[in-house]
There are 2 protein chains.
Amino acid sequence: MTDKNQRFENYDCSQGCPVEAALELIGGKWKGVILFHLMEGTQRFGELKKQVGTVTQRMLTKQLRELETDGLVSRKVFAVVPPHVEYSLTPKGETLRPIIMPCAIGAQNTP
Amino acid sequence: MTDKNQRFENYDCSQGCPVEAALELIGGKWKGVILFHLMEGTQRFGELKKQVGTVTQRMLTKQLRELETDGLVSRKVFAVVPPHVEYSLTPKGETLRPIIMPCAIGAQNTP
DNA sequence: CAGTATCCCCCTAGATACTG
DNA sequence: CAGTATCTAGGGGGATACTG
């Protein structure tokens, strides 16, 4: 980000604008949906997979790792057998709620 | 959309959830940025290209056509030489303002 | 000015199999 | 259960050249 207090009007996006930055965080094919479901509360890997639907294990893992790296999702591993892993939103991830939820509402209101 | 009045909590995304639908509209690599700039007002093709920055003509055209098809952007052609084409948000496109702008803000507040 | 028309690379994402 | 490993195709997107 070049200037954090810059106004949006006449914003020069030539090399990286805020929207571009945001889409890098949630632009992955499944990330929006994953975040959406984590907003319902903490979820285990399997639960998440079931809810997201057609996502493959590989992709779910990959996107979750990226979300984790970006600090939007936290991963909690329980050292038990069988494995137990819980995913939840970080505070930073929570800040996306006003973005994700209007997305959902917007999509519903304009079919 | 399966049920337009369904609550978001416990929403079953198995085959297409609202967030997924929304991301299909604005998920293109440049669409968010294009919409962002059109929110500043009507723009000509060249102006848009300059503002979006590194986008190629081909991609800008392609994404604009998709946005047009999805009913988010309207294209107005003036029958003059040299050509003059103006792009602007449709009412439907305007409904994305509360989604796009928080994106920008969110990206700025959480670097 | 505002586009098409080609060509082509690469990365995303899917399918499948295996494992601590 | 919650992952890795490997292989592969498909198409999204880039570069470049041409045009009404």
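Convention: sequence-line order gives letters A, B, ...; per-chain numbering from 1.
Under the Watson-Crick or G-U wobble criterion, with both distances below 3.5 Å, D:dG20 is paired with C:dC1. Base pairing annotation: D:dC7 forms a Watson-Crick or G-U wobble pair with C:dG14, both donor-acceptor distances under 3.5 Å.
Regarding contacts with the backbone of D:dG3, a side-chain N or O of A:Y87 is found under 4.0 angstrom from either OP1 or OP2.
Summarising the geometry, the separation between CE on A:M59 and P on C:dT16 is reported as 17 Å, rounded to the nearest angstrom. Atom CZ in B:F78 sits about 17 Å away from atom C1' in C:dG3, given to the nearest Å. Atom CD in B:Q43 sits roughly 16 Å away from atom C1' in C:dC1 (whole-Å rounding). The distance between atom NZ of B:K31 and atom P of D:dG12, rounded to the nearest whole Å, is 10 Å. Rounded to whole angstrom, the span from the NZ atom of A:K29 across to the P atom of D:dG13 amounts to 13 Å. Atom NZ in A:K62 sits about 14 Å away from atom P in D:dA5, given to the nearest Å. Rounded to an integer number of Å, the gap from NZ of A:K50 to C1' of D:dC1 is 12 Å. Counting to the nearest Å, the C1' atom of C:dT4 and the CZ atom of B:R65 are 10 Å from each other.
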- I would like to know whether B:L25 and B:L67 meet side chain to side chain contact (heavy atoms under 4.5 Å, CB included); could you show each step before the answer? CA-CA 7 Å; B:L25 295 184; B:L67 288 170; over 6 Å; no
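Between the side chain of B:K49 and the main chain of B:T56, no donor-acceptor pair closer than 3.5 Å is present.
Contact annotation: the side chain of B:E40 approaches that of B:Q51 to within less than 4.5 Å [non-hydrogen atoms, C-beta and beyond].
The B:Q57 side chain lies nearest to C:dT4 when the options are C:dT4, D:dC1, D:dT4. When each of D:dC1, D:dG14, D:dA5 is scored by its nearest atom to the side-chain atoms of A:R58, the top-ranked nucleotide is D:dA5. Nearest to the side chain of B:F45, among C:dA2, D:dC1, D:dG14, sits C:dA2. Each of D:dG3, C:dA2, D:dC1 was ranked by its minimum atom distance to the side chain of A:V85; first place goes to D:dG3. Minimum atom distance to the side chain of A:T56 is reached by C:dG14, of the listed C:dA2, C:dG14, D:dA2. Closest contact between the side chain of A:W30 and the listed nucleotides C:dG14, D:dG12, C:dG3 involves C:dG14.
A donor atom on one side chain and an acceptor atom on the other are not found under 3.5 Å apart for B:T90 and B:S74.
Each of A:T61 and B:G28 was matched to the nucleotide of DNA chain D holding its nearest heavy atom; the match closer to the 5' end belongs to A:T61. Ranked by how close their nearest DNA chain C nucleotide is to the 5' end, A:P83 and A:Q63 are led by A:Q63.
By the 30° and 60° cut-offs, the orientation of the rings of B:Y87 relative to B:F45 is tilted.
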